[in-house]
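Some notes on the structure that comes next.
FYI, side chains are in, hydrogens and waters are out, and symmetry mates aren't considered; it's all heavy atoms of this structure.
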Amino acid sequence: MTLSAAPQWSFSSDQGNANYRDARRRYPAQAVIDMRALRDNMRRLVAMANQPAAGQGKAGRQANGHRTEVMGVVKADAYGHGLVPTALAALAGGATWLGTAQAREALLLRHAGIGVDRARILTWVNNPLEVAYDELIANDIDISVGTATAMEKVAAAAKAVGKPARVHVKVDTGFGRNGFTPAQAEEAFARLGDLADEGLLDVVGQWSHLAVADAPDIPEFVEETDHQIALFERFTRQMTNAGIPPKIRHLANTAATLSRPAIHYDLVRPGVGLYGYEADPAMGTPADFKLVPAMTLQAQLSSVKDMLPGMGLSYGRVYLTEELTSTAIVPVGYADGIHRSASGFDLSGSRHTSKPGGPVRVMTNDGPKLFRVSGRVCMDQFIIDLHGSAAELGVGVGDTVVLFGPGRGEAYAEPTADDWARAADTISYEIFTCLRNRVPRLYLNAPEVLSESDLALLDPASIL
Ligand SMILES: *Cc1c(COP(=O)(O)O)cnc(C)c1O
């Protein structure tokens, strides 16, 4: 019999159960994505976006009937969660906008059948010289414009298509990345005004991005965000004076959606919050914001064996067994997106610094226990030291282990992507975004969350 560290998945049907078994035959690891968590996280973000700012009380903008819309940011294959299923769950949770960095992903959403009646879509990363602006315009996709080149190319495409392009003017308020700088603003806004007068551009929005909104614990960062906001307001006045007053202003990412109600404006753009994480553990835990991590990454052990003391594990012998022990192989590696920087170094008093590897939840006879990557993460696998006898622990080949999941409590001993981020010296975003598509994505609670017509847009084999 096989012990399972994974939650008891509740399948929607016999077919869902069969899909799960097929996925396990196909690959020894699975990413299980809870559609209910995605939908409920979005519901929560919609509620947060429409809470009055502290001090505004009943006189707040929301009390005047102003509504802040929410964009589900689904760039990078929805942070690794799957573009179309995630977009549909976000819409089910009350999002009215979707955002992708790459133009191609915006088009994929429209081609999947998400029409303009259901969602506005904004895209902001491309090579303006070659991107198919004409296709974007024809598909009613809103386009970010933050360079003179993009402005001219979008206008030319609009002329060719015979339909004005909906643009959002990106302003650089201090991120130092996309958008017009204060020095470029006057000339750019004047030209945008001309192109709008010619009927080529519909200047819909003004937007910018925050650099340090996720660090409420660092006073100079809080001040820097205040500075970005002041500059954002100044850009609005300039646009208005240039005859292109923005109808939709947006600045807030997840961090600001959760912590800065005063700058929710007309639209907020949470990404990582949709997936159930806070932007930085310095802000708190997901539970503090009533968010639930949607993805569980699990794998089935491919080998378990006893080892003598003093054995080197994996490349480079950066980890030596200390005692008579057993090891288990988890059959995923850096080619699956498991960070090599989450390797575990553990040589007491040697040339290597000791450093804990990424955590793995294993079910034992004594209940769930956390073990860590021991030695280097390889291309397709990594090893964990069980610090004891596998036979006594009740750990065997085929057991399901969990790399990260929602993080159900201390006793449950379940790591989250934040724990992997700490072990790999990165952020949760990179942990799930790097997960490769050879690991099957399986969707839990999809029939509950989606209408029948939306459900039909998912790969049937992916529905649990
Ligand atoms: C990725 C991104 C977001 C979402 O950021 P989160 O921190 O994941 O909420 C919002 N706006 C822009 C421009 C982005 O690139």
Is there a side-chain contact between Ile141 and Leu107, using heavy atoms and a 4.5 Å cut-off?
yes
Any chance the side chains of His250 and His168 put a donor and an acceptor closer than 3.5 Å?
yes
Test item: Asp288 side-chain N/O and Gly284 main-chain N/O as donor-acceptor pair under 3.5 Å:
no
Is it the case that the side chain of His111 and the backbone of Leu109 share a donor-acceptor pair, with hydrogens and angles ignored and the cut-off at 3.5 Å?
no
Straight-line distance of Thr100 OG1 to Met71 CE, nearest 0.5 Å
9.0 Å
Using atom types as modelled and distance alone, determine if a side-chain donor or acceptor of Thr296 lies under 3.5 Å from a backbone N or O of Gly405.
no
Interatomic distance, Leu444 atom CG to Ser462 atom OG [nearest 0.5 angstrom]
11.5 Å
Can you check whether Tyr275 reaches Met295 side chain to side chain, under 4.5 Å on heavy atoms?
no
Determine the minimum heavy-atom distance between Val222 and Ala215, stating which atoms define it.
CG2-O, 4.0 Å
Derivation and outcome, side chain to side chain contact (heavy atoms under 4.5 Å, CB included), residues Leu370 and Val360
CA-CA 5 Å; Leu370 273 190; Val360 179; 6.0 Å; no
Below 30° counts as parallel, above 60° as perpendicular, anything between as tilted: where do the rings of Phe189 and Phe235 land?
perpendicular
Flag, side chain of Lys355 to backbone of Ser341, donor-acceptor distance under 3.5 Å
yes
Residue Lys247 excluded, over 12 heavy atoms near NZ under 6.0 Å:
yes
Is the backbone of Gly93 close enough, under 3.5 Å, to the side chain of Arg39 for a donor and an acceptor to pair up by distance?
no
Would you please say whether a donor-acceptor pair under 3.5 Å links the side chains of Arg120 and Thr96?
no
Report the C-alpha distance between Gln51 and Thr68 in whole Å, list the side-chain angles of each, state the deciding distance to 0.1 Å, and finish with yes or no for side chain to side chain contact (heavy atoms under 4.5 Å, CB included).
CA-CA 9 Å; Gln51 257 168 22; Thr68 298; over 6 Å; no
Does the Arg441 side chain pair with the main chain of Val439, one donor and one acceptor, at a distance under 3.5 Å?
yes
Could you pull out all residues at least two apart from Val46 that satisfy side chain to side chain contact (heavy atoms under 4.5 Å, CB included)?
Met42, Asn50, Arg67, Val70
Under 3.5 Å, is there a donor on one side chain and an acceptor on the other for Trp9 and Gln30?
no
Is a donor from one side chain sitting under 3.5 angstrom from an acceptor on the other, for Asn41 and Tyr277?
no
So, are Asp172 and Arg177 salt-bridged, with charged N and O less than 4.0 Å apart?
no
Close side-chain approach of Trp207 and Val171, heavy atoms under 4.5 Å:
no
If I take atom CG from residue Leu403 and atom CG from residue Asp419, how far apart are they, to the nearest 0.5 angstrom?
11.5 Å
Can you find a heavy atom in the side chain of His209 that is under 4.5 Å from one in the side chain of Asn253?
yes
Quick test of your reading of the model: are Arg436 and Asp336 salt-bridged, counting only N-O distances below 4.0 Å?
no
Taking Gln206 for its side chain and Phe232 for its backbone only, find out whether a donor-acceptor pair lies under 3.5 Å.
yes
Using the test side chain to side chain contact (heavy atoms under 4.5 Å, CB included), find all partners of Asp40 that sit at least two apart in sequence or belong to another chain.
Arg36, Arg43
One thing to verify: whether Asp134 and Lys163 come together as a salt bridge, which I'm taking to mean a side-chain N less than 4.0 angstrom from a carboxylate O.
no
Shortest non-hydrogen contact between Val145 and Phe180, atoms and distance:
O-CE1, 3.6 Å
Taking the side chain from Thr123 and the backbone from Ala101, do they hold a donor-acceptor pair closer than 3.5 Å?
yes
Looking at side-chain heavy atoms only, is the closest gap between Arg110 and Asp140 below 4.5 Å?
yes
Under a 3.5 Å distance rule, please check whether Asp77 uses its side chain to pair with a backbone N or O of Leu83 as donor and acceptor.
yes
Quick check: are there more than 12 heavy atoms from other residues, nucleotides or ligands sitting under 6.0 Å from CD of Glu452?
no
Below 4.0 angstrom, N of the basic side chain to O of the carboxylate: do Glu233 and Arg249 qualify?
yes
Assess, by modelled atom type and distance only, whether the side chains of Tyr443 and Asp34 contain a donor and an acceptor separated by less than 3.5 Å.
no
Atom pair CD1 (Ile463) and CG (Asp459), whose distance is rounded to the nearest 0.5 Å
7.5 Å
With a 4.0 Å cut-off, would you call Arg118 and Asp454 a salt bridge?
yes
Would you tell me whether Glu130 and Asn127 have side-chain atoms, one donor and one acceptor, within less than 3.5 Å of each other?
yes
Within the 4.5 Å heavy-atom criterion, are Leu88 and Leu458 side-chain neighbours or not?
yes
Heavy-atom distance under 4.5 Å between the side chains of Leu192 and Val169, does that happen here?
yes
Exercise: do Asp425 and His339 side chains pair donor with acceptor under 3.5 Å
no
Nearest heavy-atom approach of Arg372 to Gly357 is NH1-O, 2.6 Å
Rounded to the nearest 0.5 Å, how far apart are CE of Met48 and OG1 of Thr254?
10.5 Å
Of the non-hydrogen atoms in Ser208 and Thr173, which two are nearest, and what is the gap between them?
OG-OG1, 2.8 Å
Flag if over 12 foreign heavy atoms under 6.0 Å of CZ, Arg104:
no
Which heavy atom in Val373 sits nearest to a heavy atom in Ala342, and how many Å separate them?
CB-O, 3.6 Å
Heavy-atom count check: over 12 atoms from other residues, nucleotides or ligands less than 6.0 Å from Glu186 CD?
no
Side-chain heavy atoms of Trp124 within contact of Lys75, under 4.5 Å
yes
If you measure from CD1 on Ile114 to CD1 on Ile121, what distance do you get to the nearest 0.5 Å?
6.0 Å
Taking all heavy atoms of Gly72 and all of Leu274, pick out the closest pair and write down the distance.
CA-CD2, 4.3 Å
Test side chain to side chain contact (heavy atoms under 4.5 Å, CB included) on Val131 and Lys153; report intermediate values, then the result.
CA-CA 9 Å; Val131 68; Lys153 289 287 178 185; over 6 Å; no
Within the side chain of Glu105, is there an N or O that forms a donor-acceptor pair under 3.5 Å with the backbone of Ala76?
yes
Criterion side chain to side chain contact (heavy atoms under 4.5 Å, CB included) on Ile33 and Leu442, from CA distance to verdict:
CA-CA 6 Å; Ile33 293 131; Leu442 301 170; over 6 Å; no
